[in-house]
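Each ligand, and each atom within it, is numbered from 1 in the order the structure gives.
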Amino acid sequence: MNFSSDTRFHRQLVLFNGLLPALLILLDGLRGKLGANPVEFVTRATGVLSLVFLVITLMVTPLRKLFGWNWLLKQRRLLGLFSFYYGIAHLLTYLGFDRDWKLQSVPADIYKRPFIAIGMLTFVLLIPLAVTSTNAMIKTLGGKRWAQLHRLTYVAAIGGVLHYYMIVKSDISYPVLFGVVVALLLGYRVYVSLRKPTKSAA
Ligand code: HEM
């Protein structure tokens, strides 16, 4: 079997690994095994998963260029959508459990806890990215404009890291680690575009 050309297998691999965390959270939830504070666990897990899939999405281009893993390109949309889906789950957990569906309390919470504002802004950035992820939208926008719009992915990743950094109280190692990875990916992108100013690195 030629691994690098088996698109169906790659798709199943991404689908499996994207759905598995949700399934495990659901199963543990049903068995009452989400720890002493299940709401906090689910909020944090979905937040981290959204950020992880966002960062993996940003890794696709460097991995293709550095190692020739071109098969990753066909899976980029799905990886990005998983970031969006976990972002939706994260938002719903916040609205349902943290706010008790009292939506009128959200503006005051945004004012009181600035990390909520950054999280919201980051999520808002994910919406146009998800909406324009289809082939039809790429065609409608044109490749160049689509690639320009999708640079928002970097802004969203920076927003996600900042949101994370603002939440943690003592041990900042994880948000800093995510920050370093996003900085390296952004640095790579700038390096490539400076080397080939006429070509897009997307
Ligand atoms: C939709 C708007 C958002 C709201 C209202 C929101 C709210 C929250 C809340 C309440 C927490 C838990 C804070 C705590 O336990 O003290 C949290 C954690 C987190 N969120 Fe968000 N968030 C949003 C969007 C996002 C997005 C888009 C991302 C990623 C791209 C993200 C990534 C994270 C991460 C990484 C954590 C920390 C997990 C941990 O402590 O281990 N959030 N968020």
Side-chain angles (χ1 to χ4, degrees), residues 14 17-22 24-26 28-29 33-62 75-133 149-186 189:
V14 174
N17 284 287
L19 292 172
L20 190 64
L24 292 177
I25 293 171
L26 196 71
D28 279 349
K33 299 250 169 171
L34 287 176
N37 191 339
V39 172
E40 187 184 274
F41 181 87
V42 177
T43 311
R44 291 184 169 189
T46 49
V48 169
L49 282 160
S50 179
L51 188 57
V52 164
F53 277 101
L54 196 57
V55 171
I56 295 176
T57 308
L58 286 178
M59 284 177 168
V60 168
T61 296
Q75 309 309 325
R76 185 166 61 178
R77 178 192 306 169
L78 189 57
L79 288 164
L81 284 174
F82 270 121
S83 171
F84 183 59
Y85 296 150
Y86 280 113
I88 293 177
H90 188 56
L91 175 64
L92 291 177
T93 315
Y94 164 78
L95 293 177
F97 296 112
D98 194 297
R99 296 292 96 200
D100 212 6
W101 297 116
K102 293 192 181 82
L103 301 191
Q104 69 277 16
S105 72
V106 172
D109 195 34
I110 288 178
Y111 187 71
K112 203 176 109 201
R113 300 193 289 173
F115 78 85
I116 297 284
I118 302 294
M120 291 277 185
L121 280 174
T122 305
F123 181 72
V124 166
L125 291 179
L126 296 181
I127 298 171
L129 295 171
V131 169
T132 59
S133 68
L149 176 73
H150 277 249
R151 283 185 198 148
L152 274 181
T153 318
Y154 287 94
V155 185
I158 293 168
V161 171
L162 185 63
H163 172 70
Y164 194 177
Y165 181 77
M166 289 164 91
I167 288 163
V168 292
K169 285 168 187 90
S170 50
D171 185 2
I172 58 162
S173 50
Y174 278 114
V176 167
L177 184 68
F178 273 103
V180 168
V181 173
V182 171
L184 284 173
L185 291 168
L186 194 57
R189 161 120 211 170

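- Residue, atom and distance of the protein heavy atom nearest to atom 5 (C) of ligand 1 are Tyr94 CD2, 3.4 Å.
- The ring of Phe53 has its center no closer than 6.0 angstrom to the ring center of Phe84.
- Side-chain contact annotation: Thr132 with His150, donor-acceptor N/O pair under 3.5 Å present.
- Counting only heavy atoms from C-beta outward, the side chains of Arg76 and Thr61 approach each other to under 4.5 Å.
- Scanning the protein heavy atoms around atom 31 (C) of ligand 1, the nearest turns out to be His163 CD2, 3.3 Å.
- Atom CG of Leu54 is separated from atom CD1 of Ile158 by 10.5 Å, given to the nearest 0.5 angstrom.
- At the shortest separation from atom 3 (C) of ligand 1 among protein heavy atoms lies Gly119 C, 3.7 Å.
- Shortest contact from atom 12 (C) of ligand 1 to any protein heavy atom: Thr43 CG2, 3.8 Å.
- For Thr57 and Arg77, the side-chain atoms include no donor-acceptor pair closer than 3.5 Å.
- At the top of the distance list for atom 27 (C) of ligand 1, counting protein heavy atoms only, stands Thr122 CG2, 3.7 Å.
- Contact annotation for Tyr174 and ligand 1: no heavy atom of the residue comes within less than 4.0 Å of the ligand.
- Within the model, atoms CG of Leu121 and CG of Leu126 stand 11.0 Å from one another, a figure rounded to the nearest 0.5 Å.
- Ranking protein heavy atoms by distance to atom 15 (O) of ligand 1, first place goes to Arg44 NE, 2.8 Å.
- Using a cutoff of 4.0 Å between basic side-chain nitrogens and carboxylate oxygens, Arg113 and Asp98 are scored as salt-bridged.
- The protein atom (non-hydrogen) at minimum distance from atom 13 (C) of ligand 1 is Ile167 CG2, 3.8 Å.
- For ligand 1, the atoms lying closer than 4.0 Å to a non-hydrogen atom of Ser50 are 29 (C), 30 (C).
- Looking from atom 23 (C) of ligand 1 to the surrounding protein, the closest heavy atom is His90 CD2, 3.3 Å.
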